[in-house]
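Input: a single structure, listed below in structure tokens.
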Amino acid sequence: MSDDSNTRRRFLQATGAAATLAIAGCSGGGGGDTTTESGGGETTESGGGETTEGGSMTTEGGSMTTESGSMEVPQEVSDYLSDTSNFDGSIEDMTGSGSVTVDVGAEGNNGNYAYSAPAIAVDSGTTVTWSWTGQGQTHNVVAEGGDFDSGDPVAEEGTEFQHTFEEAGVYRYYCTPHKALGMKGAVIVA
Ligand SMILES: [Cu+2]
């Protein structure tokens, strides 16, 4: 756009008072010879060129958006884990893995009050093992909606709890003593 005003200024300087009529039709600039004949034609050209530039800029922005994130994070997961400090907005893709383990009492939420990884994706039929680190006092694993429940919170290192996910869906779970601190997790079953 600043190019246009520069062009106009130069045009005015060059042709003087005679340019007044041509300004409206000749924003693209150009030689004085063609001004009277093809003012309309020049306007159409420069207008079209500018529109195309704008369009290609928009396309670049779109492709950048598409690149981000290899796995889509369901809204209910990002909402649920919004106050979980070790959730970085991504899901650890464990699909294709024969055995999947989640640490219970991992570092996070201002202590050892976290699951790691907090959000995982697995194939249906996968058995997930939660394994206690022994850190951060007592923990348990309780599904929202009651699909699984490890029972009373315990502290002992090496404690394990398993659940096999047969049905595809999004499963959210928490630790009863530390839910308010952000000790929550999610399993996305494909
Ligand atoms: Cu806990």
Side-chain angles (χ1 to χ4, degrees), residues 51-190:
T51 309
T52 308
E53 274 176 43
S56 69
M57 282 167 69
T58 310
T59 309
E60 276 175 41
S63 69
M64 280 168 67
T65 309
T66 313
E67 277 173 37
S68 68
S70 53
M71 175 165 285
E72 201 169 314
V73 181
Q75 186 69 41
E76 57 185 308
V77 171
S78 51
D79 286 349
Y80 189 65
L81 301 180
S82 61
D83 62 344
T84 298
S85 80
N86 65 328
F87 175 65
D88 66 0
S90 68
I91 293 171
E92 189 157 326
D93 186 1
M94 304 294 282
T95 56
S97 306
S99 72
V100 175
T101 302
V102 175
D103 288 339
V104 179
E107 207 176 312
N109 302 309
N110 294 311
N112 286 277
Y113 307 121
Y115 301 103
S116 182
I120 61 171
V122 301
D123 300 308
S124 55
T126 302
T127 299
V128 175
T129 302
W130 283 267
S131 178
W132 272 245
T133 65
Q135 304 295 308
Q137 301 157 339
T138 63
H139 308 289
N140 62 356
V141 175
V142 181
E144 301 279 358
D147 286 299
F148 49 90
D149 186 339
S150 71
D152 290 335
V154 296
E156 287 75 26
E157 179 181 0
T159 302
E160 286 190 347
F161 169 69
Q162 290 187 323
H163 179 74
T164 301
F165 292 87
E166 301 291 2
E167 286 185 38
V170 174
Y171 299 82
R172 301 168 301 162
Y173 65 91
Y174 61 89
C175 169
T176 306
H178 305 126
K179 184 181 187 182
L181 298 178
M183 188 165 177
K184 293 178 285 186
V187 178
I188 293 89
V189 181

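Only this structure's heavy atoms are used, side chains among them; waters, hydrogens and symmetry mates stay out. Note that ligands are numbered from 1 as they come in the structure, with each ligand's atoms numbered from 1 the same way.
- The nearest N/O/S atom of His178 to the Cu ion (ligand 1) is ND1.
- In this structure a side-chain-to-backbone donor-acceptor pair under 3.5 Å is missing from Asn140 to Asp149.
- For residue Gln137, no N/O/S atom approaches the Cu ion (ligand 1) to within less than 2.8 Å.
- Here His163 and Phe165 bring their ring centres to under 6.0 angstrom of each other.
- Nearest N/O/S atom of His139 relative to the Cu ion (ligand 1): this is ND1.
- Counting only heavy atoms from C-beta outward, the side chains of Trp132 and Glu156 never approach each other to under 4.5 Å.
- Residues Asp103 and Thr133 bring no donor and acceptor atom of their side chains to less than 3.5 Å of each other.
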